[in-house]
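What follows is one structure encoded as structure tokens, with my remarks underneath.
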Protein chains: 2
Amino acid sequence: MAKDLFGICPFVTSQKILQGKWAILVLHELSQGTRRFNELERELGITHATLSSQLKSLEREGIVSRTVYAEVPPRVEYSLTEIGRKFESVLASIEAWGYDYIDFLHANRPTAS
Amino acid sequence: MAKDLFGICPFVTSQKILQGKWAILVLHELSQGTRRFNELERELGITHATLSSQLKSLEREGIVSRTVYAEVPPRVEYSLTEIGRKFESVLASIEAWGYDYIDFLHANRPTAS
DNA sequence: CGGGATCCCGCCAGATACTG
DNA sequence: CAGTATCTGGCGGGATCCCG
């Protein structure tokens, strides 16, 4: 499982996981609760090919768990693992800073309204 | 200044800034204190072309400030702005989770020693 | 419904060389 | 020392088609 991630620096390791365009957004969505494949696809506006590969990465890394229900039509649900749930504190920090930063941008915009 | 970042979702906005391979690492380095160009280059193992463009981005986004000293040889120092310093709490979360995740990887490694 | 296979394009980031 | 300019390869990620 993700042997290439056996790093030493926590920042480098975290960066490798967050580097994609969608990792943070997917993790945030899953932190809100279990999601089905199509729910993620709709709510994020991501193509299914990209979503599929992103989810596969997160699953390989042990952060997301995938549950398949033997039904017709098939149902697959994604949720955070234990280590994935620990990531929620990072998401909370990112969210708080994101709001601060958006405020900052508006406060310093060139053409003040 | 970074008008294209005027977003609504704090996660999307943050993601746009952190997406690069080096943003988090550069910000962490600068959170430790003011750094000169060559210091960053050495300590991060990044090429100077890549570092230059990454720093220029962070400066445009208002997160990093650049100070030029009129000396010979020239000296340029980089540090975090106010909104940049607020990012340190995100870095702290990332660091804590990174350690947790590294522990998790070792605990779940295939060939337990 | 979930997701793999393939094609393709744009951009990130490294290498190299040049400048003040 | 601190950059910029240019070229280039690789890869992320979108579009499309196909499959169980």
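We name chains A, B, ... by the order of the sequence lines, and we start the count at 1 in each one. Owing to the predicted nature of the structure, the values given are computational and were not obtained by experimental measurement.
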| B:Tyr78 side chain N/O closer than 4.0 Å to the phosphate oxygens (OP1, OP2) of D:dG3? |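 B:Tyr78 to D:dG3 OP1/OP2: side-chain N or O found under 4.0 Å.
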| query | Closer than 4.0 Å, any side-chain N/O of B:Arg66 to the OP1 or OP2 of D:dA2? | reply |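 Looking at the OP1 and OP2 atoms of D:dA2, neither is under 4.0 Å from any side-chain N or O of B:Arg66.
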| said: Can you list everything that forms a side-chain contact (heavy atoms from CB on, under 4.5 Å) with A:Lys56? Sequence neighbours excluded, please. | reply: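 For A:Lys56, no residue satisfies side-chain contact (heavy atoms from CB on, under 4.5 Å) once neighbours in sequence are set aside.
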| Once you round it to whole Å, what is the distance between C1' of D:dG3 and NZ of B:Lys56? |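 Value for this atom pair: 10 Å.
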| task | Figure out the CD/C1' separation between B:Glu71 and D:dC1, and round it to whole Å. | result |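 Taking CD of B:Glu71 and C1' of D:dC1, I get 11 Å after rounding.
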| query | Of the residues in residues 33-41 of chain B, which ones touch DNA chain C at a heavy-atom distance under 4.0 Å? | reply |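 Output list: empty, so none.
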| task | Determine, step by step, whether B:Leu27 and A:Phe11 satisfy the side-chain contact (heavy atoms from CB on, under 4.5 Å) criterion, reporting the C-alpha distance in whole Å, the side-chain angles of both residues, the deciding distance to 0.1 Å, and the verdict. | result | CA-CA 10 Å; B:Leu27 290 175; A:Phe11 294 103; over 6 Å; no
| task | Identify, with sequence neighbours excluded, every residue that meets salt bridge (Lys or Arg N to Asp or Glu O under 4.0 Å) alongside A:Arg75. | result |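 By the salt bridge (Lys or Arg N to Asp or Glu O under 4.0 Å) rule, A:Arg75 matches A:Glu71, A:Glu77.
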| query | Would you call B:Val64 and B:Thr81 a side-chain contact if the rule is heavy atoms closer than 4.5 Å? | reply |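 No, side chains not in contact.
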| Does some side-chain heavy atom of B:Asp103 sit less than 4.5 Å from a side-chain heavy atom of A:Ile83? |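 No, their side chains stay 4.5 Å or more apart.
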Going by atom type alone, with no hydrogens or angles, which donor-acceptor pairs under 3.5 Å involve a side-chain atom of residues 88-96 of chain B and a protein atom two or more places apart or on another chain?
residue	atom	partner	partner atom	Å
B:Ser89	OG	B:Lys86	O	3.2
B:Ser93	OG	A:Ser93	OG	2.6
B:Ser93	OG	B:Ser89	O	3.3

| Heavy-atom pair with the smallest gap, counting every atom of B:Thr34 and B:Ser79 |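 Result for this residue pair: OG1-CB, 3.6 Å.
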| task | Could you encode protein contacts along nucleotides 12-20 of chain C as a string, one character per nucleotide from 5' to 3', using B for base contact, S for sugar-phosphate-only contact and - for no contact, with a heavy-atom cut-off of under 4.0 Å? | result | -SBBBB--B
| query | Hey, does A:Tyr69 reach any base, or is it just sugar-phosphate, or nothing, if we go heavy atoms under 4.0 Å? | reply |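 Since no nucleic acid heavy atom lies under 4.0 Å of A:Tyr69, the category is nothing.
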| said: Just to verify, what does A:Phe37 make a ring pair (Phe, Tyr, Trp, His ring centres under 6.0 Å) with, not counting sequence neighbours? | reply: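 Residues passing ring pair (Phe, Tyr, Trp, His ring centres under 6.0 Å) with A:Phe37: none at all.
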